[in-house]
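Only one structure is covered here, and it is reproduced in the block below.
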There are 2 protein chains.
Amino acid sequence: MTEHSRVWIDAETKIADAPGDHHDELRLWLRLFSVTRLMENDVRSRLQNEFDVTFPRFDILSQLYRVPDGLILGELSQRLMVSPGNITSVIKRLMDDGMIVRNQNPNDRRENIVQMTALGREKFIQMAASNEEWVRNLTKDLAPADVKALLALLQKMKTSVRRALDE
Amino acid sequence: MTEHSRVWIDAETKIADAPGDHHDELRLWLRLFSVTRLMENDVRSRLQNEFDVTFPRFDILSQLYRVPDGLILGELSQRLMVSPGNITSVIKRLMDDGMIVRNQNPNDRRENIVQMTALGREKFIQMAASNEEWVRNLTKDLAPADVKALLALLQKMKTSVRRALDE
DNA sequence: GCGTTTTATTTTAGGTGTCAAGTAATTTGC
DNA sequence: GCAAATTACTTGACACCTAAAATAAAACGC
């Protein structure tokens, strides 16, 4: 039992489980939420302890890593699903750390493009490798077929959610 | 398209999808995370707009609703999977709103039991009903069998995560 | 072409989150 | 029985988060 594994009694465990009633969707949401929080808490504390980086910063780096040409702040905000006003300060700190750079688009001076630096790229690669290892370890009791099935079902779920949000 | 449905391009959409490689677990984590955030953002903004309550407060009320005898702060912290230091101020605000009360346990004066008030109970019932409706709407394109399958697979996943955290 | 509108970002106020250090109450161990 | 360890909670420093208002630049409309 490591420091990363404080035992949570999560928000969903104690609900009377009478499967098959009319509350399965709610139960699904609670379970989804609790698994996510469980994993997120572990990943967050490991990122902090082993790389001295916060989860949101890692999140930003993940995005920028995949887009070498960089992203404008608005795109970043949308991809991370956080509000635009939030990005400003986190970006500032990543710049102070030398992980990213930020440049005004000369063709549209409202836009600010952020890109990874070589340093950011180098550090991110290490974090990403550890991150993947942590996640694989957390999910190691799932059979590959379960993983596949979850991927497909969660895709369906995401599609449903997006459709509902677009209405 | 309502105010609740700002269109996010989430953190996971843009990953090259080459299913079947060795990165399915990571992809699963990203997808799980993005669905959760998508739903959470919607639920949070609706709770705020329609009930003037924050998500964490709703979370606390949900727990207390199910336990009429109340919970001590530490239990609450564990169930919500948030750090103990966090609970204090949120509890304080819920008390100011008259939704909950807090009493010292006379047998162990370190412990503080929080319970819902009649007002809290009354308001929570309305919120919970709306919440369930929102969630059902968000997941409405999922067949009942998909919901069942997801519930089972996420349970497996949660078990795997807990086991890994206990090591 | 010039005022209006839209778009991109920042700022502000307030709530929530962590961790670490601190306080108070109980339990342990000799 | 009393010092030491543990448990429950609070506080303080700092990071993130949202919503809404403010700023600045580009696009639009007539």
Side-chain angles (χ1 to χ4, degrees), chain A residues 3-4 6-8 11 36-37 40-60 70-97 102-114, chain B residues 3-4 6-8 36-37 40-61 70-97 102-114:
Chain A
E3 66 188 302
H4 301 298
R6 186 174 351 172
V7 178
W8 301 106
T36 303
R37 191 171 267 191
E40 188 183 351
N41 280 341
D42 187 56
V43 168
R44 189 189 15 73
S45 84
R46 287 181 191 274
L47 282 172
Q48 191 67 64
N49 293 332
E50 300 185 24
F51 295 102
D52 195 30
V53 78
T54 63
F55 192 87
R57 287 183 214 181
F58 177 70
D59 222 355
I60 289 179
L71 290 169
I72 66 169
L73 296 178
E75 284 174 329
L76 207 46
S77 150
Q78 283 191 309
R79 291 190 185 211
L80 300 175
M81 295 186 255
V82 299
S83 63
N86 175 49
I87 296 292
T88 306
S89 66
V90 188
I91 283 295
K92 203 168 291 169
R93 293 193 184 97
L94 278 170
M95 282 173 52
D96 294 345
D97 292 346
R102 165 186 176 142
N103 293 106
Q104 205 173 39
N105 179 356
N107 300 321
D108 185 339
R109 302 204 317 282
R110 290 171 305 183
E111 296 185 347
N112 288 78
I113 298 162
V114 282
Chain B
E3 65 188 306
H4 302 299
R6 184 170 357 169
V7 179
W8 302 106
T36 303
R37 190 170 269 192
E40 188 182 352
N41 280 341
D42 188 56
V43 169
R44 189 186 18 71
S45 83
R46 287 180 191 274
L47 282 172
Q48 192 65 64
N49 293 331
E50 300 184 26
F51 294 103
D52 195 31
V53 79
T54 64
F55 193 86
R57 287 183 214 181
F58 177 70
D59 223 355
I60 289 179
L61 293 177
L71 291 169
I72 67 169
L73 296 179
E75 285 175 327
L76 205 47
S77 151
Q78 284 191 309
R79 291 190 184 212
L80 299 175
M81 295 187 254
V82 297
S83 62
N86 175 49
I87 296 291
T88 306
S89 65
V90 188
I91 284 295
K92 203 167 290 167
R93 293 195 182 96
L94 277 170
M95 281 172 54
D96 293 345
D97 292 346
R102 165 186 177 144
N103 293 107
Q104 206 173 39
N105 179 355
N107 300 321
D108 184 341
R109 302 202 318 283
R110 291 170 305 180
E111 296 184 348
N112 288 79
I113 299 162
V114 281

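When each of N105(A) and V90(A) is assigned the nucleotide of DNA chain D with its nearest heavy atom, V90(A) is the one assigned upstream, toward the 5' end.
Between F51(B) atom CZ and dG15(C) atom P the separation is 20 Å, expressed in whole Å. Protein atom CD of E40(B) is 11 Å distant from nucleotide atom C1' of dC17(D), rounded to whole Å. Separating the CG atom of N41(A) from the C1' atom of dC16(D) is a distance of 14 Å, rounded to the nearest angstrom. Here dA8(C) presents its P atom at 13 Å from CG of L71(A), a figure rounded to the nearest Å. L76(A) places its CG atom 14 Å from the P atom of dA8(C), with the value rounded to the nearest Å. Here dT18(C) presents its C1' atom at 16 Å from CE of M81(B), a figure rounded to the nearest Å. Whole-Å rounding puts the L61(B) CG to dT16(C) P distance at 11 Å. Distance CG (D52(B)) to C1' (dT18(D)): 14 Å, rounded to an integer number of Å.
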Pair V114(B), M95(B) - check side-chain contact (heavy atoms from CB on, under 4.5 Å), show working. CA-CA 9 Å; V114(B) 281; M95(B) 281 172 54; 5.6 Å; no

Please report the C-alpha distance between I91(B) and N112(B) in whole Å, then the side-chain angles of each, then the deciding distance to 0.1 Å, and finally whether the side-chain contact (heavy atoms from CB on, under 4.5 Å) criterion is met. CA-CA 11 Å; I91(B) 284 295; N112(B) 288 79; over 6 Å; no

Pair T54(A), Q48(A) - check side-chain contact (heavy atoms from CB on, under 4.5 Å), show working. CA-CA 6 Å; T54(A) 63; Q48(A) 191 67 64; 3.8 Å; yes

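The ring pair (Phe, Tyr, Trp, His ring centres under 6.0 Å) check on F55(A) picks up F33(B), with sequence neighbours excluded.
Contact annotation: the side chain of E40(B) never approaches that of T36(A) to less than 4.5 Å [non-hydrogen atoms, C-beta and beyond]. Put simply, the side chain of I72(A) does not reach to within 4.5 Å of the side chain of N105(A), judged on heavy atoms.
A donor-acceptor distance shorter than 3.5 angstrom exists from the side chain of R37(A) to the backbone of L80(B), with no hydrogens or angles considered.
Phosphate proximity of dC17(D) to R44(B): absent, as no side-chain N or O sits under 4.0 Å from OP1 or OP2. Between dA24(D) and R109(A), no contact under 4.0 Å exists linking OP1 or OP2 to a side-chain N or O.
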Filtered N/O pairs between nucleotides 8-12 of chain D and protein, under 3.5 Å:
from    : atom 1 : to      : atom 2 : distance (Å)
dA8(D)  : O3'    : R110(B) : O      : 3.2
dC9(D)  : OP1    : L73(B)  : N      : 3.3
dC9(D)  : OP1    : N112(B) : N      : 2.7
dC9(D)  : OP1    : N112(B) : O      : 3.4
dC9(D)  : OP2    : G74(B)  : N      : 2.6
dC9(D)  : O3'    : R102(B) : NH2    : 3.2
dT10(D) : OP1    : R102(B) : NH1    : 2.7
dT10(D) : OP1    : R102(B) : NH2    : 2.2
dT10(D) : OP2    : T88(B)  : OG1    : 2.7

